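Heads up: the structure comes next, in structure tokens.
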Amino acid sequence: LLKRNYINQNERMGFINYFKLSKNSFYKIRIDQAVGLIPTHLDVVVIGYFSNYYSAGIYRIAKKLVDPINYLIVAFSPWMLNKISTNNSYDFADLVKRILIPASLLIFGFYYLFGAELVELIVGDEFTKSYTPMLILVIGYLSYFLTFWTRHYLFLNNLIRKHTIGRLINLSVFLIGSTFLITLFSFNGIALAVTAGTIVQKLYEYYIYFVNKYSRINS
């Protein structure tokens, strides 16, 4: 009973700290969310403009098939926020090694081995070309999944603006890359641009996390 009360108290304190930080960072969070809305469907708009209807359809199918990875990230997020808010020295390396990497390998293995059959089952064999852009997007989505915790770390350490900068970097890489990748590789090109933007964003956020963590250790 004492153990359960202690856990409940920690969870309440974590929520209170989260609420206070949310209140203090309200406008920063709103700006971050506004920036995040820009590229939500921009990839579909861009390929629709630069390519034909069939290529746009191929890409949309590929994107829909990898969306479940986003749902997994959403499911992990409340648990992750609670862990960080109640433990400032939470071991992210252990999380990545023990949970996120094995889960990512399983997810990629599923898409790699059964992706073609999944496309045929859902939309028919006339859209089998969705398999390649789907795999490219899976790599990008999994790079986000492996480091999704950086956003929560930045938020709880009052560094949410760094996440906003990361999103702007992502958008810039996507826009620059898509201008010539679509011309070269059509629907595979837009998938490459999306994945490249995501990877660069998460590398930037991880760099900020690394610098902030070790500056605290050495201070």
Side-chain angles (χ1 to χ4, degrees), residues 35-77 80 95-96 99-151 166-206:
V35 172
L37 288 174
I38 296 172
T40 303
H41 301 291
L42 187 59
D43 50 351
V44 176
V45 173
V46 169
I47 192 170
Y49 179 80
F50 284 102
S51 191
N52 55 49
Y53 180 79
Y54 176 73
S55 296
I58 289 290
Y59 176 75
R60 286 183 182 181
I61 291 167
K63 186 176 181 180
K64 284 292 184 183
L65 290 175
V66 299
D67 270 346
I69 299 175
N70 275 336
Y71 305 149
L72 187 61
I73 295 171
V74 171
F76 262 103
S77 289
M80 189 76 263
L95 168 72
V96 173
I99 299 177
L100 300 184
I101 288 179
S104 297
L105 291 174
L106 285 173
I107 293 169
F108 183 80
F110 170 80
Y111 278 99
Y112 181 79
L113 295 174
F114 305 109
E117 288 78 6
L118 187 65
V119 172
E120 291 184 16
L121 177 66
I122 294 176
V123 294
D125 55 6
E126 65 270 23
F127 289 100
T128 53
K129 289 183 179 180
S130 295
Y131 175 73
T132 301
M134 180 186 67
L135 282 185
I136 296 171
L137 288 174
V138 166
I139 293 171
Y141 277 51
L142 289 180
S143 69
Y144 195 101
F145 174 66
L146 285 168
T147 54
F148 80 94
W149 47 269
T150 56
R151 181 183 189 277
R167 280 180 159 172
L168 289 172
I169 291 172
N170 183 342
L171 180 60
S172 300
V173 171
F174 166 75
L175 290 174
I176 294 170
S178 61
T179 55
F180 62 90
L181 287 173
I182 293 178
T183 304
L184 293 173
F185 306 111
S186 186
F187 44 80
N188 291 328
I190 193 75
L192 284 168
V194 170
T195 296
T198 301
I199 291 174
V200 173
Q201 175 191 346
K202 301 311 289 182
L203 286 174
Y204 168 78
E205 290 179 10
Y206 183 79

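Residue numbers start at 1 and run along the sequence shown. All values below come from the heavy atoms of this structure, side chains included, with hydrogens, waters and symmetry mates left out. Owing to the predicted nature of the structure, the values given are computational and were not obtained by experimental measurement.
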Might you work through the side chain to side chain contact (heavy atoms under 4.5 Å, CB included) test for Phe148 and Leu100, ending with a clear yes or no? CA-CA 10 Å; Phe148 80 94; Leu100 300 184; 4.0 Å; yes

What is the distance from atom [atom1] of [X] to atom [atom2] of [Y], rounded to the nearest 0.5 Å?
| X | Y | atom1 | atom2 | value |
| --- | --- | --- | --- | --- |
| Arg151 | Ile73 | CZ | CD1 | 11.5 Å |
| Met134 | Lys64 | CE | NZ | 15.5 Å |
| Ser77 | Leu72 | OG | CG | 9.5 Å |
| Arg60 | Asp43 | CZ | CG | 9.5 Å |

Table please: side-chain donor-acceptor pairs of residues 175-200 below 3.5 Å, with sequence neighbours left out.
| unit_1 | atom_1 | unit_2 | atom_2 | d |
| --- | --- | --- | --- | --- |
| Ser178 | OG | Phe174 | O | 2.8 |
| Ser178 | OG | Leu175 | O | 3.2 |
| Thr179 | OG1 | Ile176 | O | 2.6 |
| Ser186 | OG | Ser55 | OG | 3.1 |
| Thr195 | OG1 | Ile136 | O | 2.8 |
| Thr195 | OG1 | Ala191 | O | 3.0 |
| Thr198 | OG1 | Val194 | O | 3.0 |

Could you go through Asn170 and Tyr204, starting from their C-alpha distance and side-chain angles, then the distance that decides it, and tell me whether this counts as side chain to side chain contact (heavy atoms under 4.5 Å, CB included)? CA-CA 10 Å; Asn170 183 342; Tyr204 168 78; over 6 Å; no

Between Tyr206 and Trp149, how do the two ring planes meet: parallel, tilted or perpendicular, split at 30° and 60°? perpendicular

Might you point out which heavy atoms bring [X] and [Y] nearest each other, and give the distance in Å?
| X | Y | answer |
| --- | --- | --- |
| Asp125 | Glu120 | CA-CG, 4.1 Å |
| Tyr54 | Glu126 | OH-O, 3.2 Å |
| Gln201 | Gly166 | CG-O, 3.2 Å |
| Ile107 | Leu142 | CG2-CD2, 4.0 Å |
| Gly140 | Ser143 | O-OG, 2.5 Å |

Can you tell me if Lys129 has over 12 outside heavy atoms packed within less than 6.0 Å of its NZ? no

Side chains of Ile122 and Phe127: does their closest heavy-atom pair fall under 4.5 Å? no

Check whether any side-chain heavy atom of Glu205 sits under 4.5 Å from a side-chain heavy atom of Thr147, and report yes or no. no

Sequence neighbours excluded and cut-off under 3.5 Å, please list the side-chain donor-acceptor pairs for residues 111-119, or say none.
| unit_1 | atom_1 | unit_2 | atom_2 | d |
| --- | --- | --- | --- | --- |
| Tyr111 | OH | Leu65 | O | 2.6 |

What residues form a side-chain contact (heavy atoms from CB on, under 4.5 Å) with Tyr53, not counting sequence neighbours? none

